[in-house]
Every structure is written in structure tokens, then in C-alpha cells.
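Working notes, beginning with the structure itself.
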Amino acid sequence: MAHAVLASSLLALCPLAQAQSDSPEPAYGMSGRLGLGVATVPTYEGSPNRRTLAAPDLTLSYRSHDWGTVELGQRGLSWNAVEAGPFRLALVAQFDPGRKDSDPTALDPTPGDKRLRGMGKVKSSTEAGVGIGYGPVMLVARQSLSNRGPKGVQADLSVGLPWAVTDRLALHMAVSATWANRDYMQTYFGVTPAQAQATSLAVYTPKSGCRKVELNVGAEYTLAPSWTLQANVGVSQLGDEAAASPLISRRNGVTAMVGVARAF
């Protein structure tokens with residue numbers, strides 16, 4: 001089901017993606033955005049509970065004539081080392097915050113829930129990988145660099161489409177799918193015999209497969225020069241292997257965020 005949703009979405013978006021490929025190139029030099037918002041999210045992937053937390057937004061970007069574009073944002077650090085028309089080749093580094101077996105505070109972005117008590121803490125880790133993009137389509141493969149956090153390999157396929165509705169209002173839609181190998185799936189969705197004994201959950205050993213598919217819709221409204229009001233809603237669906245875990249109560253998840261930001 002998840003694969004069918006993604007496939008139909010990508011096919012529907014292809015003509016629009018080609019139309020958007022002629023958008024103006026970003027300016028050279030340094031640019032960025034600093035903002036603050038409030039978000040409501042599930043306490044962890046597949047949780048029946050929700051939490052409200054502060055959502056800081058910091059994005060820095062530097063575009064060079066000679067060595068591509070470097071960007072630091074919410075998803076980590078990326079370097080578009082090759083930019084040739086719509087084609088780009090990137091090196092990426094991302095941070096996985098891990099997961100707690102207790103309720104985090106509103107200022108702690110780490111997922112967690114007391115219903116996971118006995119599962120143990122999943123420590124944070126850094127991931128590194130490579131991405132290949134053409135127009136609005138991007139494929140990124142990443143590998144965990146740490147043995148103390150979630151191990152394994154993931155791959156993300158995404159399509160992002162911007163749309164300038166008016167001089168003040170801009171929309172952005174992104175569809176993505178994430179595949180994860182057996183090691184990663186075991187870390188977040190598996191239950192070992194020791195964890196089963198500590199929690200009374202059934203032992204579960206997931207295989208590699210689709211971790212989730214996701215649709216995000218965002219909007220930015222210009223309040224004043226350099227100031228924007230931002231909103232974002234995301235809907236996700238876990239893949240079959242993830243959804244079958246005894247840790248999962250809800251296969252579908254919804255996130256929402258609203259905030260203000262200043263561009264520079």
C-alpha cells in the first residue's frame with residue numbers, strides 16, 4: 001500500500017516537476033534564515049501519543065561559482081559538489097537524535113515516551129552519505145558512522161515542488177519514501193528477547209524494507225521585508241515491516257508546525 005501511494009504520487013507530479021525546473025537559480029554568496037515556531041508531533045514514530053515542542057529554525061547556505069553550494073539546515077549538512085544545470089551531486093551528513101524510553105521535555109527534540117520503558121535508550125548518531133539529484137528529484141543514501149547509536153543504512157527518494165502563488169505567498173510540496181536495512185529497522189522497530197522480557201512485548205525481528213512514505217505541504221507568507229510567517233503539515237505512513245512491530249500503535253502519523261522567520 002505504501003509503495004502504491006508513493007508511485008502514484010510521483011507519476012502525478014512529474015509533469016509539474018518539469019514545469020518548475022525553469023525557476024531562477026539562487027544567488028551566489030551567503031544567505032540564511034533564523035526563526036522560531038511551535039510544533040505538534042507524535043512522541044515517536046508509530047506512537048498513539050503526541051507532544052508539543054519548541055521548533056527553532058536555522059538555515060545557512062553559501063553558493064560559490066567554483067565549488068558548489070554548502071547548506072546547513074534542519075536535516076543536517078550538505079555540499080552540492082557538482083551543479084550542472086538541473087543535475088547535482090552532493091555529500092551529506094545528518095544527525096539522528098535517537099530515542100528515549102521516557103517522556104522528553106518540550107525543549108528536547110529527541111523522540112521518546114514512557115510507554116517504551118524497558119526498551120532502553122537509542123543513542124544519537126551521525127550519518128554520512130551521497131545524494132544524486134535532477135531537478136526536483138533527489139536520491140540520498142546514508143550510512144551510520146557510530147556504533148553507539150542506530151546502525152545500518154537508509155535511502156531517501158524525494159520530489160520537492162515550489163510554487164509562488166503571489167508576491168507574498170509561496171507554497172512547497174514534497175513527497176518522499178525512506179528505505180532502511182535490517183540493522184536500522186531492528187534498532188527502532190525490533191524487540192529483542194531481553195527487551196521482550198523487560199516490557200512484556202512479543203519478540204519481533206523486522207526485515208529490511210520501506211520504513212515510511214511521507215507527504216509534506218508548507219507555506220510561507222511575507223509579513224514584511226525579510227520576515228515570513230511559516231506553516232507546515234506532514235502526513236506519513238509506515239511501511240509493512242515497521243507497522244507490524246509491537247511498538248507501533250498507529251501506522252499513520254501527522255506533524256504540524258507554525259512559526260516566524262527572518263531571512264538574511
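Here the structure is a predicted model, which means the values were calculated and not measured.
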Aromatic contact, W179 with Y184 (centres under 6.0 Å): no
Walk me through it: do D113 and K100 pass the test salt bridge (Lys or Arg N to Asp or Glu O under 4.0 Å)? CA-CA 7 Å; D113 196 306; K100 294 185 175 181; over 6 Å; no
Between E241 and R211, is the closest basic N to carboxylate O distance under 4.0 Å? no
For the residue pair W79 and Y62, establish whether any side-chain heavy-atom pair is separated by less than 4.5 Å. no
Close side-chain approach of L238 and I248, heavy atoms under 4.5 Å: yes
Taking atom types as modelled, is there a side-chain donor on T40 or R50 under 3.5 Å from an acceptor on the other? yes
Sub-4.5 Å side-chain heavy-atom contact between V41 and L53: yes
Between R142 and D156, does any NZ, NE, NH1 or NH2 come within less than 4.0 Å of an OD or OE carboxylate oxygen? yes
Is it the case that D66 and S64 place a side-chain donor and acceptor less than 3.5 Å from each other? no
Using a 4.5 Å cut-off on heavy atoms from C-beta on, say whether the side chain of L223 contacts that of Y221. yes
If we count only N and O atoms by modelled type, under 3.5 Å, do the side chains of S208 and N181 hold a donor and an acceptor together? no
Taking atom types as modelled and ignoring hydrogens, do the side chains of Y44 and R115 form a donor-acceptor contact shorter than 3.5 angstrom? yes
Check this for me, if you would: do R33 and D57 make a salt bridge, where the nitrogen-to-carboxylate-oxygen distance has to be below 4.0 angstrom? yes
Evaluate the side-chain contact (heavy atoms from CB on, under 4.5 Å) criterion for residues D96 and T126: first the C-alpha distance (whole Å), next the side-chain angles of each, then the deciding distance (0.1 Å), finally the verdict. CA-CA 6 Å; D96 188 319; T126 301; over 6 Å; no
Would you say Q237 and R251 are linked by a side-chain donor-acceptor pair, where the criterion is simply a distance under 3.5 Å? no
Can you establish whether the number of heavy atoms outside F87 located under 6.0 Å from its atom CZ is more than 12? yes
Do V82 and L91 belong to the same hydrophobic cluster, where Ile, Leu, Val, Met, Phe, Trp and Tyr are linked whenever their side-chain heavy atoms lie under 4.5 Å apart, directly or via other members? yes
What pair of heavy atoms forms the shortest contact from V137 to R88, and how long is it? O-NH2, 3.8 Å
Looking just at side-chain N and O atoms, do E83 and T69 make a donor-acceptor pair shorter than 3.5 Å? yes
